[in-house]
Amino acid sequence: MHKMMWVFVCLCCLPALAWADNTLAYLDNPMGARAVGMGSAFVAVADDPTAVFWNPAGLATQHFSRLKFSYQNDIFNYTNIYMCAGISSPMGKFGLGFTSNQNGMLLQVPTPNNERERPSSTGSLSDLAMTTYLAYGSTLRQGLMVGATAKVLYRQLASASALGAALDGGILFHFVRGWSLGLQGKNLLATGMQWSGTSNNPKDAVSSSIELGLAGHLGDHLIALAYNLNGTGACGAEYKLNPSLWVRGGLQWPLGQAARYSLGTSLDNGDFSLDYSLRIDTDANLTDSLEHTLSIGFKI
């Protein structure tokens, strides 16, 4: 098993091997209110079940099994539901996940016949995207963890649908007490999204990416940095107010876009956690730019 994990880790060091012409944006929707509240700077943290999304190597650091459910309404009026589990077993640390991103109010706008014709909608259509995750994390030696995530991708737009698959790989290295380095390669191997039910049944590209991160515990508090080689950066912090209450904040600056600020809080007694985050997209007006994420976690 360790030899197979090394193969996945080596993939992280390769350049983009997947289709690279187009990015399916919903695949990058952040999972979990805690990570969102820290500005999505989570690749070097990944210490809860959302590691199936952020860095599967983080599964190896989890000492017991947990479930986590999240609900998010994003600034594009999509309803996003996330379910994930980190499972500790005699065979190792496994992760399962499922995401659903849905919008039933997309407007159909035909191309105008000439430049003087004002576009108008002719109705609405539904857009549904679902992703299933199967992950595994393992400790190679003290302080060094590796992991991999296999994903099945599905999308339905009106009467057309598309299906594909992709593979992520990750590394987590605890190099000094309380400090860790993280690396994840997303969609390193991908089939592309093959459409059916259309006139020409095209194949959408699935872009790959590599993200690096650094995280450190300062007593009971946490700081984290992340940088995606596509040009997106993030930073975040988590402050422990008392044994059960945390507050956090973060900043993300996507390539070519306005910054996004995040705030969050959580209650966690070890067996149960309730997390909330608010993300503000500064490129939109205040009414449309607020994104809320709520997560509930259970120890099993």
Side-chain angles (χ1 to χ4, degrees), residues 16-32 36 40 50 52-54 69-84 96-113 117-135 149-168 186-209 228 230 232 254-257 260 279 281 283-284 287-294:
L17 298 179
W19 299 82
D21 296 325
N22 181 46
T23 299
L24 301 176
Y26 71 89
L27 293 176
D28 295 322
N29 282 354
M31 180 186 290
V36 174
S40 297
T50 63
V52 299
F53 175 87
W54 295 104
F69 303 88
S70 298
Y71 171 86
Q72 178 189 83
N73 65 318
D74 66 25
I75 61 174
F76 301 107
N77 295 319
Y78 276 77
T79 298
N80 305 318
I81 297 174
Y82 308 99
M83 296 176 284
C84 55
L96 301 173
F98 174 80
T99 67
S100 172
N101 315 97
Q102 186 170 14
N103 188 334
M105 301 179 62
L106 292 180
L107 298 179
Q108 295 174 285
V109 181
T111 302
N113 294 322
E117 181 180 346
R118 173 179 293 182
S120 61
S121 64
T122 59
S124 63
L125 53 82
S126 62
D127 183 12
L128 170 65
M130 295 186 293
T131 306
T132 303
Y133 302 78
L134 175 59
T149 302
K151 301 183 292 190
V152 178
L153 317 173
Y154 174 81
R155 190 172 187 183
Q156 183 174 5
L157 186 61
S159 60
S161 62
L163 186 65
L167 180 69
D168 300 345
K186 297 187 72 171
N187 307 320
L188 293 174
L189 296 175
T191 62
M193 294 288 285
Q194 181 62 59
W195 285 90
S196 60
T198 70
S199 58
N200 57 355
N201 292 335
K203 177 179 283 189
D204 276 354
V206 178
S207 296
S208 59
S209 65
N228 194 304
N230 68 11
T232 297
L255 179 65
Q257 301 180 38
R260 297 170 182 169
R279 188 164 70 163
D281 187 339
D283 197 29
T287 303
D288 298 331
S289 64
L290 301 181
E291 179 178 282
H292 306 273
T293 306
L294 180 68

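Numbers here are sequence positions counted from 1. This one's a predicted model, so the numbers in the text were calculated from it and none came from an experiment. Basis for what follows: all heavy atoms, side chains included, without hydrogens, waters or symmetry-related copies.
- For the pair Glu291 and Asn73, the tightest heavy-atom approach, listed with the atom from each and the gap, is CG-O, 3.5 Å.
- The side chain to side chain contact (heavy atoms under 4.5 Å, CB included) check on Ala129 picks up Tyr26, Asn101, Arg155, with sequence neighbours excluded.
- Nearest heavy atoms, Val52 versus Leu96: CG1-N, 3.9 Å.
- For Tyr71, there are no side chain to side chain donor-acceptor pair (under 3.5 Å) partners at least two apart in sequence or on another chain.
- Here the side chains of Met193 and Leu153 are in contact, with some heavy-atom distance below 4.5 Å.
- Taken from CD in Gln102 to CD1 in Ile81, the straight-line distance is 8.0 Å, to the nearest 0.5 Å.
- Looking at residues two or more places apart in sequence or on another chain, you find a side chain to side chain contact (heavy atoms under 4.5 Å, CB included) between Leu294 and Leu274, Tyr276.
- In this structure the side chain of Ser40 never reaches within 4.5 angstrom of the side chain of Arg260, judged on heavy atoms.
- Rounding to the nearest 0.5 Å places OG1 of Thr50 at 11.5 Å from OH of Tyr82.
- Asn187 has its side chain within reach of Asp168: a pair of non-hydrogen atoms, C-beta onward, lies under 4.5 Å apart.
- Legend: residues meeting side chain to side chain donor-acceptor pair (under 3.5 Å) with Gln194, ordered by chain and number and at least two apart, are absent.
- A donor-acceptor pair is defined here as one N or O able to donate and one able to accept, closer than 3.5 Å; such a pair exists between the side chain of Asn230 and the backbone of Thr232.
- In this structure, Leu167 and Leu188 have side chains that are not in contact, with every pair of non-hydrogen atoms separated by 4.5 Å or more.
- Put simply, CG on Leu27 and OG on Ser209 are 10.0 Å apart, with the number rounded to the nearest 0.5 Å.
- Qualifying side chain to side chain contact (heavy atoms under 4.5 Å, CB included) partners for Phe98, counting only residues two or more places apart in sequence or in other chains: Met83, Ser100, Met130, Thr132.
- Take Ala165 and apply the side chain to side chain contact (heavy atoms under 4.5 Å, CB included) test, not counting sequence neighbours, and it matches Thr191.
- Not counting sequence neighbours, Thr79 has no partner by the side chain to side chain donor-acceptor pair (under 3.5 Å) test.
- Taking 4.5 Å as the limit, every side-chain heavy atom of Thr131 sits out of range of all side-chain heavy atoms of Val152.
- Listed here is the closest heavy atom pair of Gln72 and Pro30: NE2-O, 3.8 Å.
- Shown here are the side chain to side chain donor-acceptor pair (under 3.5 Å) partners of Ser159, two or more places apart in sequence or in another chain: there are none.
- Two residues are said to be in side-chain contact when any heavy atoms from C-beta on lie closer than 4.5 Å; Lys151 and Phe53 fail this criterion.
- Of all heavy-atom pairs between Gly197 and Ala160, the closest is O-CB, 4.1 Å.
- We find the CH2-CG distance between Trp195 and Leu157 to be 5.0 Å, quoted to the nearest 0.5 Å.
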